There are 2 protein chains.
Amino acid sequence: MLESAISQGLRATGRRMTRTRKAVLALLERTHQPLSATDIYSQLQEEHIAIDLVTVYRTVNVLKELGLVAQLDLHHEGQSRYELKEGRTHHHHIRCQICGKIVDLLLCPLKKLTKLIEERTKFVVDDHTLEFSGFCPKCQ
Amino acid sequence: MLESAISQGLRATGRRMTRTRKAVLALLERTHQPLSATDIYSQLQEEHIAIDLVTVYRTVNVLKELGLVAQLDLHHEGQSRYELKEGRTHHHHIRCQICGKIVDLLLCPLKKLTKLIEERTKFVVDDHTLEFSGFCPKCQ
DNA sequence: ATGGTATTTGCAATAGAGTTGCAATAAGGT
DNA sequence: ACCTTATTGCAACTCTATTGCAAATACCAT
């Protein structure tokens, strides 16, 4: 159970473990797709858990600040998605252009490239995004 | 001069070369940074070229449909940017997290990786995005 | 050059994602 | 159980982008 460990992280920054934060965390924990704020909102509505959409936004932002959640901005989606980091390593995603299914790519091939880019551009690289899209097996 | 060639492309799809389309094209042609719709709008305002923001959006969408302009959705920017394709090959970008400067990366290292991903995921890959961010030489 | 017609433009209204102010509520240490 | 402070819900708002519609204009035929 993550909850007590997370509770500690919250308290360490003067925050509290609440009914709504538990609900959002539990949902992210049992879901295997990255969820948008409205996904989280409507899913919890269906489960008759009262939570305002504003609270969903505030909750994912807190979880992001604590480093517990990653925010994904996939191309052409127009809204952010969120997924639990929980012991998972850095990875990227592929998204189906037809049905929207998102699958993790358990790799990151960009370490060497990062060095090359730093040499060529004289930037210090801090972050990167990499995303593929196409047609999933069912939609081909 | 691009204009007459583009004019043909427009007419081939039942469209017209107009004062505003010329102005947006000319601006994109002489600018070396990808521009947002509001960038284009305010830049043309400064040059005393009257154009509505709505028209800017419609214009970049037409140019995108004609394959003349690429739309970039950079991470954490919250708005799209547009750049002329005009004879340029597929490439990616790096963006400074401090000053927002965007520099082209004249490479794409993802061909081999695409094959690997298709094998592993059984997706057919159609597109990808890759973006780096960090600190430019001036902002380090 | 002139006129006719379909495309394009500007304005106003609208849509959707996300944020902010504030009073009411609830967490959790004492 | 109480008290303080963080959190919540509601309403209002911001920002990017899109849509409907009447007026303006590109451009083809004459």
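Naming convention: chains lettered A, B, ... in sequence-line order (proteins, then strands); numbering from 1 in each chain. Keep in mind it's a predicted model, so treat the numbers as computed, not measured.
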Heavy atoms of A/M17 and A/S7 approach each other most closely as CB-OG, 3.7 Å

Ignoring backbone atoms, establish whether A/N61 has a side-chain N or O less than 4.0 Å from OP1 or OP2 of C/dG18. no

Separation of C/dT19 atom P from A/E65 atom CD, nearest Å, is 11 Å

Under a 4.0 Å heavy-atom cutoff, the residues of residues 12-23 of chain B touching DNA chain C are B/G14, B/R15, B/R16, B/T18, B/R19, B/T20, B/R21

B/H91 meets the ring-ring contact (aromatic ring centres under 6.0 Å, His included) criterion, sequence neighbours left out, with B/H93

Notebook entry, point to check: Mind checking whether A/H128 and A/H90 have parallel, tilted or perpendicular rings, split at 30° and 60°?
Noted result: perpendicular

Exercise for the section: Determine, for A/R15 against A/E65, whether the closest basic-nitrogen to carboxylate-oxygen distance falls under 4.0 angstrom. Expected result: yes

Rounded to the nearest 0.5 Å, the NE2 atom of B/H32 sits from the CZ atom of B/R30 at a distance of 10.5 Å

Discussion item. More than 12 heavy atoms of other residues, nucleotides or ligands under 6.0 Å from NZ of A/K101: yes or no?
Written reply: no

### Message
Taking any heavy-atom pair under 4.0 Å as a contact, classify B/I51: base, sugar-phosphate, or nothing.
### Response
sugar-phosphate

Between NE2 of B/H76 and P of C/dT19 the distance, given in whole Å, is 11 Å

Can you check side chain to side chain donor-acceptor pair (under 3.5 Å) on A/D73 and A/S80, steps first, answer last?
CA-CA 5 Å; A/D73 294 304; A/S80 294; 2.4 Å; yes

Rounded to whole Å, the CD-C1' distance (A/Q71 to C/dT19) equals 13 Å

Atom CD of A/Q79 and atom C1' of C/dA17 are separated, to the nearest Å, by 8 Å

Rounding to 0.5 Å, atoms CZ (A/R81) and CG (A/L35) come to a distance of 7.0 Å

Separation of C/dG18 atom P from A/E77 atom CD, nearest Å, is 11 Å

With a 4.0 Å cut-off (strictly under) to non-hydrogen atoms of chain A, the first and last hit nts on DNA chain D, 5' to 3', are D/dT5 to D/dA11

### Message
Can you tell me if A/Y57 touches the phosphate of C/dG18, counting only side-chain N or O atoms and a distance under 4.0 Å to OP1 or OP2?
### Response
yes

Rounded to whole Å, the CZ-C1' distance (B/R58 to C/dG10) equals 8 Å

Quick note, A/T38 side chain, CB onward, closest among C/dG18, C/dA17, C/dT20 is C/dA17

The nucleotide from C/dT20, C/dG10, C/dA17 with an atom nearest the side chain of A/V54 is C/dT20

(Q) Using a heavy-atom cut-off of 4.0 Å across all strands, would you classify B/S80 as base, sugar-phosphate, or nothing? (A) sugar-phosphate

Any carboxylate oxygen within less than 4.0 angstrom of a Lys/Arg side-chain nitrogen, looking at B/K122 and B/E118?
no

Between CG of A/D39 and C1' of C/dG18 the distance, given in whole Å, is 15 Å

